[in-house]
Amino acid sequence: MTANPLIAAPFTVHSTAAEVVDGIDLTGRRVIVTGGASGIGIETARALAGAGAEVTLAVRNLAAGERTASDIITTTGNEHVLAAPLDLADQESVASFIAAWDGPLHILVNNAGVMASPEMRTPEGWELQFATNHLGHFALATGLHRALAVAGSARVVSVSSSAHLRSPVVFEDIHFRQRGYEPWSAYGQSKTANVLFAVEATKRWASDGITVNALMPGGIRTGLQRYVTGAELDRMRALAGGGGPAWKTPEQGAATSVLVATSPLLDGVGGRYFEDCNEAEPNQPGTRRGVAAYALDPEAAARLWQVSAEMLAAVATVAG
Ligand SMILES: NC(=O)c1ccc[n+]([C@@H]2O[C@H](COP(=O)([O-])OP(=O)(O)OC[C@H]3O[C@@H](n4cnc5c(N)ncnc54)[C@H](OP(=O)(O)O)[C@@H]3O)[C@@H](O)[C@H]2O)c1
């Protein structure tokens, strides 16, 4: 069997979101960016709005979302930028967002996330990072499937992380009920789930013209590191190495998301993992780059889909 060649784009670790989308016209395209009121979400939304798209910032802090929307309108001149409430750790909030969405959806950027938080649980008893980073986005994307399908050739962007190398999805104990809670394992598991989602969603939805890819944005100083000490951060950066800048700017951090959302090089391409604006090589043990084989495993991807659907259905049954 011949492996598909890796997608190579003419961009690098230094490229910005604006450079990646330069020359691409998104007029008439409708976009959702989750977590669009902070960090790389802002610059992802700004670049897509700058290319002419209608952009909805799906945010849990609506006042911050409205401030960001008005800033993006001012800097891009595109008036079609708005904010809408969405709390990914609250299934009722996700359901309300989906119910309020009307018409086609061309690009869904599943960007929001929480990293290495202390042990916290949703009312369902779900571990917070898995609930937010994976289950909330799984519910959102599957709930918006029809809107994506009617768009014709929609893309879903699943913002993962090199931290997926820290853990596969541990199906035997996803919510840390038997094993001791470890914040980085929980984050890594949720970020592996983001890649597996891209694999299975592409398999299920390619016939609707929908493709889903995952990515590592790079290391960017944002609100994401709120639970991490300075010393721990320095150690992480030293370990990461890789020859790129120590930290990317938010504009550089948004570049790979915007590439995956818009590049013609990815037309019809799904189920893959990108970093630094190019498709990633397989991870080499002992390094923090590339993609783990377990994150692209089709059997694990199918299993995760089934398990996720069952978790959501159990909640819906209780609520109903
Ligand atoms: N920064 C990095 O170095 C890095 C590296 C690898 C991967 N990533 C990934 O990149 C993505 C964006 O991160 P970032 O660096 O831009 O961090 P950020 O500035 O903290 O942005 C994350 C966003 O997610 C939102 N969020 C958290 N929990 C939520 C919930 N329950 N419902 C809705 N929104 C929620 C946050 O909202 P609040 O502002 O209300 O908290 C925030 O807007 C994440 O998926 C992260 O895992 C980042």
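Position 1 is the first residue of the sequence; numbering continues from there. One-based numbering, in listed order, for ligands and for the atoms of each.
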Below the 3.5 angstrom mark, is there an N/O of [X], backbone or side chain, next to an N/O of ligand 1?
X: Ala37; answer: no
X: Gly113; answer: yes
X: Asn61; answer: no
X: Gly219; answer: no
X: Ile220; answer: yes

How does [X] reach ligand 1, if at all, at less than 4.0 Å between non-hydrogen atoms: by side chain, backbone, both, or neither?
X: Thr132; answer: side chain
X: Lys191; answer: side chain
X: Met115; answer: neither
X: Trp247; answer: neither

query = Is the charged tip of Arg166 near the ring of Tyr187: under 6.0 Å from the six-membered ring centre and within 45° of its axis?
reply = no
query = atom 4 (C) of ligand 1: which of Ala163, Gly253, Gly218 has the nearest heavy atom?
reply =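 Considering heavy atoms of Ala163, Gly253, Gly218, the nearest to atom 4 (C) of ligand 1 sits in Gly218.
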At what distance is the nearest protein heavy atom to [atom], and which residue and atom is it?
atom: atom 6 (C) of ligand 1; result: Ser161 OG, 3.4 Å
atom: atom 8 (N) of ligand 1; result: Pro217 CG, 3.5 Å
atom: atom 39 (O) of ligand 1; result: Ser38 OG, 3.9 Å
atom: atom 10 (O) of ligand 1; result: Val159 CG1, 3.4 Å
atom: atom 13 (O) of ligand 1; result: Leu224 CD1, 4.0 Å
atom: atom 33 (C) of ligand 1; result: Leu86 O, 3.3 Å
atom: atom 25 (C) of ligand 1; result: Ala112 CB, 3.7 Å
atom: atom 14 (P) of ligand 1; result: Thr222 OG1, 3.4 Å

Test: Arg155 and Asp267 ion pair at under 4.0 Å =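 Yes, charged N to carboxylate O under 4.0 Å.
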inquiry  = Under 4.0 Å between a side-chain nitrogen and a carboxylate oxygen: does that hold for Arg204 and Glu200?
reply    = yes
Taking every non-hydrogen atom, the tightest pair across Val170 and Ser167 =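 Looking at all heavy atoms of both residues, the shortest contact is CG2-OG, 4.1 Å.
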key: Leu48 CG to Ile32 CD1 distance, which is reported to the nearest 0.5 Å   = 12.5 Å
key: side-chain contact (heavy atoms from CB on, under 4.5 Å) partner of Val258, the single match among Val109, Val20, Ile107   =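 Going through the options one by one, the only one that passes is Val20.
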note = One finds that the ligand 1 atoms under 4.0 Å from a non-hydrogen atom of Gly39 are 16 (O), 19 (O)
ask   = Taking only heavy atoms of Met216, which atoms of ligand 1 are found under 4.0 Å from at least one of them?
value =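 Reading through ligand 1 atom by atom, the close ones are 6 (C).
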request  = Indicate the ring-plane relationship of Phe197 and Trp305, choosing parallel, tilted or perpendicular according to the 30° and 60° boundaries.
outcome  =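 Aromatic pair Phe197/Trp305 classed parallel.
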ask   = Please walk me through it: do Phe130 and His175 pass ring pair (Phe, Tyr, Trp, His ring centres under 6.0 Å)?
value = CA-CA 8 Å; Phe130 189 81; His175 295 295; 5.6 Å; yes
key: Residue pair His134, Ser308: steps toward the side chain to side chain donor-acceptor pair (under 3.5 Å) verdict   = CA-CA 9 Å; His134 170 64; Ser308 305; 2.8 Å; yes
